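Since the structure comes first, as structure tokens, the remarks are kept for the end.
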Amino acid sequence: MDTADRLELTTRHTQEAVTEDELEALLAEDDPSAYIGLAPTGEMHIGHLTTIRKLADLLKADIGVTVLVADLHAHLDDEKSPFDLLDARSAYYEETIRGMIEAAGEDPDDVSFVRGTEFQLNEEYTLEMYRMAAETTLARARRAGSEVVRESDSPNLGGLLYPLMQSLDVDALDADIAYGGVDQRGIYMLAREILPDHGGESPICLFAPLLSGLSGGKISASDDASKVNLNDSPDEVIAKISDAYCTMGDVEDNGVLEYLQYLVFPILDEHGEDFVVERPEEYGGNLVYEDYGSLEADFVSEELHPADLKPAVGIAISEIIDPIRKRLDDQPELLAAAYPEKYGDR
RNA sequence: CCGCCCUUAGCUCAGACUGGUAGAGCAGUCGACUGUAGAUCGACUUGUCCCCCGUUCAAAUCGGGGAGGGCGGACCA
């Protein structure tokens, strides 16, 4: 595969590369590596799926992929995960991520999984973290993590250490590329800035877009209606899409369209299939789309009505999460252990 | 170690001084209107009032004790 093809595979469906020139230069070499870190906090949802599916592209582009299950980070960020649930949640995250990679057509065994506590406690790492703490202002650390770390009137120290550690992770895992959702941008820009002073190199950054929430704004971990969960039943998925904010002709904040753009069409494309919208004869009959662009054009021109679109998207999304849903349903002990207050004692 | 403040609906908080078993906004649910959702109207729902003990006919409210959270002071050989 030539560099141009690898670059295309690597950047398709992403929001930004910092910088694209650096990425292209990297891909001209052998054995580039990428990593993504996920803190095992709340349940994984469809937004994670768009981000993780990208890893399949990276593998196809011959990039080594490491997934960091950042257990310490999950606790450091305002104790989002209680300390004694870190193992259970890490296990759940890893298994779910494996399912996503497999569903994307790649072998999860080609990805190396690492947990934060495996290396973040060693002497070298810890010492460098202290040195960073000495050199970084409160304001800088807070700004770096502002999109990721929970906001509070009385913030904990952990949330400030968080971006420093994440910067060190890039170096500790020897990653050329730091990959994640664009919410991670602030942290990786800090990493690019300070890592060279701490024995590392500025990572190339690759950012996935974040899906809008189905209620209109951002996806909210605490608002179930704002997102499709990976273990939602087909009926629940269809109901959530049906209830989604989706203004006729308006692309802004439109989670339904984003699901199509970032999930449905990329997947149909791989299978060589079209997207069919069933529409009653009185409104003009069925519609068939080969690509997202033509669907969006029809939506913007109001030829395609949300009420016709939604059921088709609901079914498509339900099918997309089906393999992951099955995996979770087959291992109920994973969720029961990770979220005992919700799934325990079943 | 000392002092002060906070803890009431899913969330943010009012009510406490002047005891009579609770309210607002937001969220949520349901209708109306749209061929979806939203917006807008209309209706509705929601509570161990942090815990324990005491005073009282009666305690979210008063007294005592405790827990959790926040802020400040002091100590600084």
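None of the values given here were measured: they were computed from a predicted structure. Just the heavy atoms: all of them, side chains too, but no hydrogens, waters or symmetry mates, feed the values below. Note on naming: letters A, B, ... go to the chains in the order of the sequence lines (proteins, then strands), and numbering restarts at 1 for each one.
Across the P atoms, B/G28 and B/G20 are found 34 Å apart, a figure rounded to whole Å. Comparing the P positions of B/C26 and B/C33 gives an interatomic distance of 24 Å, to the nearest angstrom. Nucleotides B/C50 and B/C6 have their C1' atoms positioned 11 Å apart, rounded to a whole Å. The same atom, P, is picked in B/C76 and in B/G68; the two are 28 Å apart, to the nearest Å. One P atom belongs to B/G66, the other to B/U40, and the distance between them is 50 Å to the nearest Å. For the C1' atoms, the distance linking B/C49 with B/A24 amounts to 15 Å, nearest Å. Spacing between B/U7 and B/U61 at atom C1', rounded to whole Å, works out to 15 Å. Comparing the same atom, C1', in B/C17 and in B/U12 gives a spacing of 24 Å after rounding to whole Å.
With the nearest nucleotide of RNA chain B identified for both A/Ser154 and A/Tyr283, A/Tyr283 has the one nearer the 5' end.
In this entry B/G63 has B/C53 as its Watson-Crick or G-U wobble partner, both defining distances falling under 3.5 Å. Using N1 to N3 plus N6-O4 or O6-N4 for Watson-Crick, or N1-O2 and O6-N3 for G-U wobble, each under 3.5 Å, B/G38 pairs with nothing. Of all nucleotides present, only B/G3 satisfies the Watson-Crick or G-U wobble test against B/C71, with each distance under 3.5 Å. Nucleotide B/A43: paired with B/U29 (Watson-Crick or G-U wobble, both distances less than 3.5 Å). For B/A9, there is no paired nucleotide, since no Watson-Crick or G-U wobble pair has both relevant distances below 3.5 Å. When both pairing distances are held under 3.5 Å, B/C76 makes no Watson-Crick or G-U pair with any nucleotide shown. B/U18 is unpaired under the criterion used here, namely a Watson-Crick or G-U wobble arrangement in which both key atom distances are under 3.5 Å.
Applying the side chain to side chain donor-acceptor pair (under 3.5 Å) rule to A/Arg150 yields the partners A/Asp78; only residues at least two apart in sequence or on another chain are considered. Evaluation of the side chain to side chain donor-acceptor pair (under 3.5 Å) rule for A/Asp57 yields A/Arg12, A/Lys54 as partners, not counting sequence neighbours. Take A/Ser90 and apply the side chain to side chain donor-acceptor pair (under 3.5 Å) test, not counting sequence neighbours, and it matches no residue.
For the pair A/Asn156 CG and B/G68 P, the interatomic distance rounds to 16 Å; values are reported in whole Å. Here the C1' atom of nucleotide B/G35 and the CD atom of A/Glu303 are 14 Å apart, to the nearest Å. Rounded to whole Å, the distance from CG on A/Leu304 to P on B/G35 is 17 Å.
In summary, A/Asp62 and A/Arg6 do not engage in a salt bridge, as defined by a charged side-chain N under 4.0 Å from a carboxylate O. Remark: A/Asp329 does not engage A/Lys326 in a salt bridge, criterion side-chain N to carboxylate O under 4.0 Å.
The backbone N or O of A/Asn229 sits less than 3.5 Å from a side-chain atom of A/Asp232, completing a donor-acceptor pair.
Hydrophobic clustering, defined by side-chain heavy atoms of Ile, Leu, Val, Met, Phe, Trp and Tyr closer than 4.5 Å, groups A/Leu138 together with A/Leu157, A/Leu160. A/Leu9 shares a hydrophobic cluster with A/Met1; the chain of contacts runs through ILVMFWY side chains whose heavy atoms sit under 4.5 Å apart.
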Close N/O contacts between protein and nucleotides 36-44 of chain B (under 3.5 Å):
{"residue": "B/U36", "atom": "O2'", "partner": "A/Ser242", "partner atom": "O", "Å": "3.2"}
{"residue": "B/U36", "atom": "O2'", "partner": "A/Lys310", "partner atom": "NZ", "Å": "3.4"}
{"residue": "B/U36", "atom": "O2", "partner": "A/Lys310", "partner atom": "NZ", "Å": "2.5"}
{"residue": "B/U36", "atom": "N3", "partner": "A/Cys246", "partner atom": "O", "Å": "2.6"}
{"residue": "B/U36", "atom": "O4", "partner": "A/Cys246", "partner atom": "O", "Å": "3.2"}
{"residue": "B/U36", "atom": "O4", "partner": "A/Met248", "partner atom": "N", "Å": "3.1"}
{"residue": "B/A37", "atom": "O4'", "partner": "A/Ala244", "partner atom": "O", "Å": "3.4"}
{"residue": "B/A37", "atom": "O4'", "partner": "A/Lys310", "partner atom": "NZ", "Å": "2.9"}
{"residue": "B/A37", "atom": "O2'", "partner": "A/Asp243", "partner atom": "O", "Å": "2.7"}
{"residue": "B/A37", "atom": "O2'", "partner": "A/Ala244", "partner atom": "O", "Å": "2.8"}
{"residue": "B/A37", "atom": "O2'", "partner": "A/Tyr245", "partner atom": "N", "Å": "3.2"}
{"residue": "B/A37", "atom": "N1", "partner": "A/Thr247", "partner atom": "OG1", "Å": "3.0"}
{"residue": "B/A37", "atom": "N3", "partner": "A/Cys246", "partner atom": "N", "Å": "3.1"}

